[in-house]
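Here is the structure we will look at.
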Amino acid sequence: MGPGEIFITDAEIVRKIRRGRSALYAELMRRHYPKIFCLCLSLLKDPSMADDAAQEAFLKSYRSLDKFREDSSFLTWIHRIAANRCLDLIRLKAREKENSLDTMLEISENHSFREVESSLLIESSLINSDLVEKIMSRLPVEYRLILVLREVQGFNYQEISQVLECSLDSVKARLRRARLACGEALRHFKMAGCV
Amino acid sequence: MKHEEMKEKLGAFQDGELSPQERLEISAHLAICVECREIQKSWQKISEVLFQSRGFVSHQETEKFVARTMEKIIPPSSKGAGAFAGLFWNFLTPALELGFAALFFFTVLGASDRFAAPDTLLLLGSNKDVAELILPSVSGQGANWFNSLLEGR
């Protein structure tokens, strides 16, 4: 924002859009697309799918702006829509691949370990980004979601509870379990001498 | 708080989600408990390595996304009446301007001899009737100009 420009909050923009100034929705997308894309990418692991999911989330939120209650922020609301969309897509994908799941797992495991072997030369303090994806992909999607909300998006527990529609205690417990699982996944790769 | 309880709260401690009292207790515990210190350090490192570089989207990518999505929200065709009005004014404005310019031109130039007879025109003779018909108000310098135009001067 340049000097002299007035900052308008998300809530004010939403109110103006409801009064008919639809073009202002572009500003909301400009503010939040990077975070939403990042969330979708973390969950779907495919840039093109992530982009589509982000677009669907923004379109859905635009169409249901009337239902948006201002007891939470627009940011957490759009995160909730995007996360739900991604979870739907993952479930759909899982159902499609159900028949060939064993074969897929076999291929993926072999591929991972070949990559681990080939990345032994990487400095111990660094992890190649593909490997990060491998570690993340070992985690259940619910863990990935809560870790991204906390570690990447920087949401506090209150905001996470709004996105996941659960209690604060549940956020704490889920986050602890996700971190433990993440540590386990990392240890798995550590044993291969990669990290 | 017991050691196990403290261990469970290390994540919330790192996230800054504990009360001041709990923070004090955990800080004091961390100073004496090697295991908890190790857990905390290892999570800090995991967090740095796994999550620090994630999620960069350039300004251009954002703008492309916004344009693409706004087209679905407000399709160009649905600008409807606005689009039609735009088209109408685009054509009408120059036409009106030209019309006013022509009116001004003939009015000003013809002011000195407003009702000059059509026989001052080159279109005299066999075309006199036509001249009277089509140029009743063209006169004076306007008529001269029209003559020179016809003569190709």
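Order of the sequence lines fixes the chain letters, A, B, ..., with proteins taken first and strands second; residue numbering starts at 1 for each chain.
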- NE2/B/His59 to CZ/A/Arg30 distance, rounded to the nearest 0.5 angstrom?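 It comes to 7.5 Å.
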- Item | ring pair (Phe, Tyr, Trp, His ring centres under 6.0 Å) evaluation trace for B/Phe65 with A/Phe37 | CA-CA 10 Å; B/Phe65 176 85; A/Phe37 175 75; 8.3 Å; no
With a 4.5 Å heavy-atom cut-off, do [X] and [Y] have their side chains touching?
{"X": "B/Arg68", "Y": "A/Asp51", "value": "yes"}
{"X": "B/Trp43", "Y": "A/Glu151", "value": "yes"}
{"X": "A/Tyr33", "Y": "B/Val66", "value": "no"}
{"X": "B/Glu17", "Y": "A/Lys172", "value": "no"}

- Establish whether A/Leu180 and B/Phe13 are linked, either directly or via other cluster members, by ILVMFWY side-chain heavy-atom contacts under 4.5 Å.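 No: no chain of side-chain contacts under 4.5 Å links A/Leu180 to B/Phe13.
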- Item | In one Ile/Leu/Val/Met/Phe/Trp/Tyr side-chain cluster, 4.5 Å: B/Leu24, B/Ile26 |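 Different clusters.
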- Crowded around A/Arg21 CZ? As in, over 12 foreign heavy atoms under 6.0 Å?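 Open.
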- Task: Can you establish whether the number of heavy atoms outside B/Lys64 located under 6.0 Å from its atom NZ is more than 12?
- Result: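 No, the 6.0 Å shell around NZ holds no more than 12 heavy atoms from other groups.
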- Message: Looking at chain B, which one of A/Leu147, A/Val171, A/Leu175, A/Leu168 has the largest number of heavy-atom pairs inside 4.5 Å, strictly under?
- Response: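 When all of A/Leu147, A/Val171, A/Leu175, A/Leu168 are compared, A/Leu147 has the most.
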- Among the options A/Ala23, A/Gly183, A/Gly154, pick out the one with the most heavy-atom pairs lying under 4.5 Å from chain B.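 Max contact count across the listed options: A/Ala23.
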- Item | Basic-acidic side-chain contact under 4.0 Å: A/Arg179, B/Asp15 |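 Between B/Asp15 and A/Arg179 there is a salt bridge, with a charged N closer than 4.0 Å to a carboxylate O.
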- Given that the side chain runs from C-beta out, which part of A/Ala54 has a heavy atom under 4.5 Å from chain B: side chain, backbone, both or neither?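 Contact with chain B is through both the backbone and side chain of A/Ala54.
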- Task: Using non-hydrogen atoms and a 4.5 Å limit, figure out which bit of A/Arg176 sits close to chain B: side chain, backbone, both or neither.
- Result: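 For A/Arg176, the side chain is the part near chain B, not the backbone.
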- Engaged part of B/Glu8 at the chain A interface, taking heavy atoms whose separation is under 4.5 Å: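 When you check distances to chain A, atoms from both the backbone and side chain of B/Glu8 fall under 4.5 Å.
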- Query: B/Thr62 and A/Pro34: which non-hydrogen atoms are nearest, and at how many Å?
  - Reply: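 Heavy atoms only, the tightest pair is OG1-CG, 3.9 Å.
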